[in-house]
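Read the structure below first, then the notes.
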Amino acid sequence: MLDLKFIRDNPETVKKAVLDRNLKVSLDDLLELDRKRRLILTELEKKRSKHKRGNKEIGELMRSGGDAAVMRAEMGALSENIKELEEEVGRLEKDMREILVRIPNVPDGSVPVGEDESANREVRRWGEPRQFDFPPLPHWELGEQLDILDFQRGVKIAESRFTLIKGVGALLERALINFMLDLHTREHGYKEVFPPILANEESMFSTGQLPKLEDDMYRCRDDVLYLIPTAEVPVTNIHRDETLSEEELPLYYCAYTPCFRREAGSYGRDVRGLIRQHQFNKVEMVKFSHPDSSFEELEKLTSDAEDVLKLLDLPYRVVILSTGDLSFSAAKCYDLEVWLPSSDAYREISSCSNFTDFQARRGDIRFKPSSGGKSRFVHTLNGSGVAVGRTVAAILENYQEPDGSVIIPEKLQPYMNGLEKITP
RNA sequence: GGAGAGGUGGCAGAGUGGACGAAUGCGGCGGUCUCGAAAACCGUUUGGCCUCGCGAGGGGUCACGUGGGUUCAAAUCCCACCCUCUCCGCCA
């Protein structure tokens, strides 16, 4: 959510931001509602002030044994009038909020302007995609041959886009989670947390999933709780409605959680394999940063995610998302894309974003400057470090051998009880 | 799931219709004292919104879990909801 005052003072900036994201928001309506509201509010507050003074007088009058009947009637009428004005202000504020909560964050100046993902810009590449001297198999075929991925039974148990992971595959999943968590906690300074996997409306609102992405989430039937689509939600909400001290910034958290997405609107895409699942595992990094250093923190965060792929020796590239591809709450975002032979392309495996004060304002997360003065909103950031299922896919495909076996990346072997190779 | 208790400022805790944005204590901050510190003493200590002002700052209003209601007037009375705690039941 943007600051209403900021919108009032910089309507053109906000209009451009909305336009660059190919969104439609009635900003002029908002500003008009805002003008009306302030006008009425001033009148309302004058009347309230009068009402308060009058009530005090009645109190004094009655204590001194006087007759307050006339005053009471007068204040009664004023009270009715105040109620009407309050209702009107309430209506205006509701209408304003409807618009306000749907205005996206303003992209940072360094973000390329463009229609969609085609305007994303590659920032750097790491590693060389392997040249195969045999036809490489897609991970879903490898996984079935190795009897570690069972797509049919996943569907039987739940529905399509759910997978049963078996045997060494399950071990691999678990090894990757531990490997990533150890890396971030031991080498990168993150504090590990294990949060609730269901979150309430307020939490979903503060990170920006609600109201826009409601249809993409699983909701409980009898409770107003949603399965989290990412650990970003519960972890960012750790400090919702809190005021932190300046000295404790920046705060680094990481968490492993399963994630749940309905993938509404992507029916035909990536129907095979682990790339697009309704349930997947992810290790997430979340930062609460001082506003002055959040963009530096984003670079570090991205590099922390890159380390996962470097240590696993998986070729990848870093892409900066254009305004048209940027998510609702983000001001700037880097995607990490890992090389996937079955796609003959780089595919997203991590997304690292700076949300500036956008989520902090929605969730009321502040810090108190140590020099004194008013509390300010922190900046929040998060990034996948990284998506586990897609990492499994990348390892299977990039490390496959002609006989259908798969080498375990060296750094992962200790986490696999020393296993060096998965064989049928 | 059943029964009961309760939600007040950073924390503890008073306040059962008007003088209460709210006693008191603790903590925090500033000061006095001191070579320095502790103690003691003095002062200070919530946030949102509106408005005036170039600014420093001033004025106003709202907020005692949330939302309604009663009343001239609500932290205080009524209703609904949410949350926490205790006991019982069930349970990994």
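We name chains A, B, ... by the order of the sequence lines, and we start the count at 1 in each one. These values consider heavy atoms only, across backbone and side chains, with no hydrogens, waters or symmetry-generated copies.
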Does the structure show a Watson-Crick or G-U wobble partner for [N], both distances under 3.5 Å? Name it, or say none.
| N | answer |
| --- | --- |
| G4(B) | C85(B) |
| C49(B) | G60(B) |
| C90(B) | none |
| C29(B) | G43(B) |
| U24(B) | A12(B) |
| C72(B) | G18(B) |

Are there more than 12 heavy atoms of other residues, nucleotides or ligands under 6.0 Å from atom CD of E32(A)?
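Yes, enclosed.
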Taking CD in E159(A) as the centre, count heavy atoms belonging to other residues, nucleotides or ligands within less than 6.0 Å. Is the count above 12?
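Correct, the count exceeds 12.
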How far, in whole Å, is [M] from [N] if one measures between their [atom1] atoms?
| N | M | atom1 | result |
| --- | --- | --- | --- |
| C87(B) | U8(B) | C1' | 27 Å |
| A14(B) | C29(B) | C1' | 25 Å |
| A3(B) | A80(B) | P | 14 Å |
| G1(B) | G15(B) | C1' | 36 Å |
| G47(B) | U70(B) | P | 34 Å |
| G30(B) | U46(B) | P | 16 Å |
| G59(B) | C64(B) | C1' | 25 Å |
| G65(B) | C54(B) | C1' | 43 Å |

By nearest nucleotide on RNA chain B, pick out whichever of E87(A) and A73(A) is the more 5' one.
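Checking each residue's closest nucleotide, the 5'-ward one belongs to E87(A).
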Residue closer to the 5' end of RNA chain B, R48(A) versus M62(A) (nearest nucleotide)
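By nearest-heavy-atom nucleotide position, the 5'-most residue is M62(A).
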Among C62(B), U70(B), A19(B), which is the nearest nucleotide to the side chain of K56(A)?
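Among C62(B), U70(B), A19(B), the one nearest the side chain of K56(A) is A19(B).
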Between [atom2] of [N] and [atom1] of [X], the distance in whole Å:
| X | N | atom1 | atom2 | result |
| --- | --- | --- | --- | --- |
| E60(A) | G18(B) | CD | P | 14 Å |
| K52(A) | A19(B) | NZ | P | 10 Å |
| R53(A) | U61(B) | CZ | C1' | 12 Å |
| L44(A) | U51(B) | CG | C1' | 13 Å |
| K83(A) | U61(B) | NZ | P | 19 Å |
| M75(A) | A74(B) | CE | P | 13 Å |
| N200(A) | C81(B) | CG | C1' | 15 Å |
| E201(A) | C83(B) | CD | P | 12 Å |

Pairs: protein N or O with nucleotides 48-50 of chain B N or O, under 3.5 Å:
| residue | atom | partner | partner atom | Å |
| --- | --- | --- | --- | --- |
| G48(B) | OP1 | R366(A) | NH1 | 3.1 |
| C49(B) | O2' | R37(A) | NH2 | 2.9 |
| C50(B) | OP1 | R8(A) | NH2 | 2.8 |
| C50(B) | O2' | T42(A) | OG1 | 3.1 |

Whether S49(A) contacts U61(B) is assessed here as follows: a side-chain N or O lying under 4.0 Å from the phosphate OP1 or OP2. Is that the case?
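Yes, such a contact exists.
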Output yes when at least one side-chain N/O atom of S79(A) is less than 4.0 Å from OP1 or OP2 of A73(B), else no.
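S79(A) to A73(B) OP1/OP2: side-chain N or O found under 4.0 Å.
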NA contact type, K46(A), heavy-atom cut-off 4.0 Å: base, sugar-phosphate, or nothing?
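Touches nothing.
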Using a heavy-atom cut-off of 4.0 Å across all strands, would you classify K368(A) as base, sugar-phosphate, or nothing?
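The residue K368(A) makes sugar-phosphate contact but no base contact.
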Donor-acceptor contacts, no H, no angles, side chain residues 301-309 of chain A, under 3.5 Å, sequence neighbours left out:
| residue | atom | partner | partner atom | Å |
| --- | --- | --- | --- | --- |
| T302(A) | OG1 | L298(A) | O | 2.7 |
| D304(A) | OD2 | Y190(A) | OH | 2.7 |
| E306(A) | OE1 | R124(A) | NE | 3.3 |
| E306(A) | OE1 | Y316(A) | OH | 2.6 |
| E306(A) | OE2 | R124(A) | NE | 3.4 |
| E306(A) | OE2 | R124(A) | NH2 | 2.6 |
| D307(A) | OD2 | H188(A) | NE2 | 2.8 |

Taking the six-membered ring of Y252(A) (Phe, Tyr or Trp), confirm whether the NZ or CZ of K287(A) is under 6.0 Å from its centre and within 45° of its axis.
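The answer is yes, since K287(A) meets both limits relative to Y252(A).
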Tell me whether R272(A) forms a cation-pi arrangement with F151(A), defined as NZ or CZ under 6.0 Å from the six-membered ring centre and within 45 degrees of its axis.
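No cation-pi geometry.
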Worked verdict on L149(A) versus L396(A) for side chain to side chain contact (heavy atoms under 4.5 Å, CB included):
CA-CA 11 Å; L149(A) 298 180; L396(A) 294 181; 4.1 Å; yes
Of Q359(A), M1(A), K332(A), R21(A), which meets side-chain contact (heavy atoms from CB on, under 4.5 Å) against N105(A)?
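In the set Q359(A), M1(A), K332(A), R21(A), the residue that makes a side-chain contact (heavy atoms from CB on, under 4.5 Å) with N105(A) is R21(A).
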I want to know whether H290(A) and F367(A) have ring centres closer than 6.0 Å.
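Yes, they do, as the ring centres are separated by less than 6.0 Å.
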Below 3.5 Å, can you tabulate the donor-acceptor pairs from side chains in residues 417-424 of chain A to any protein atom, sequence neighbours excluded?
none

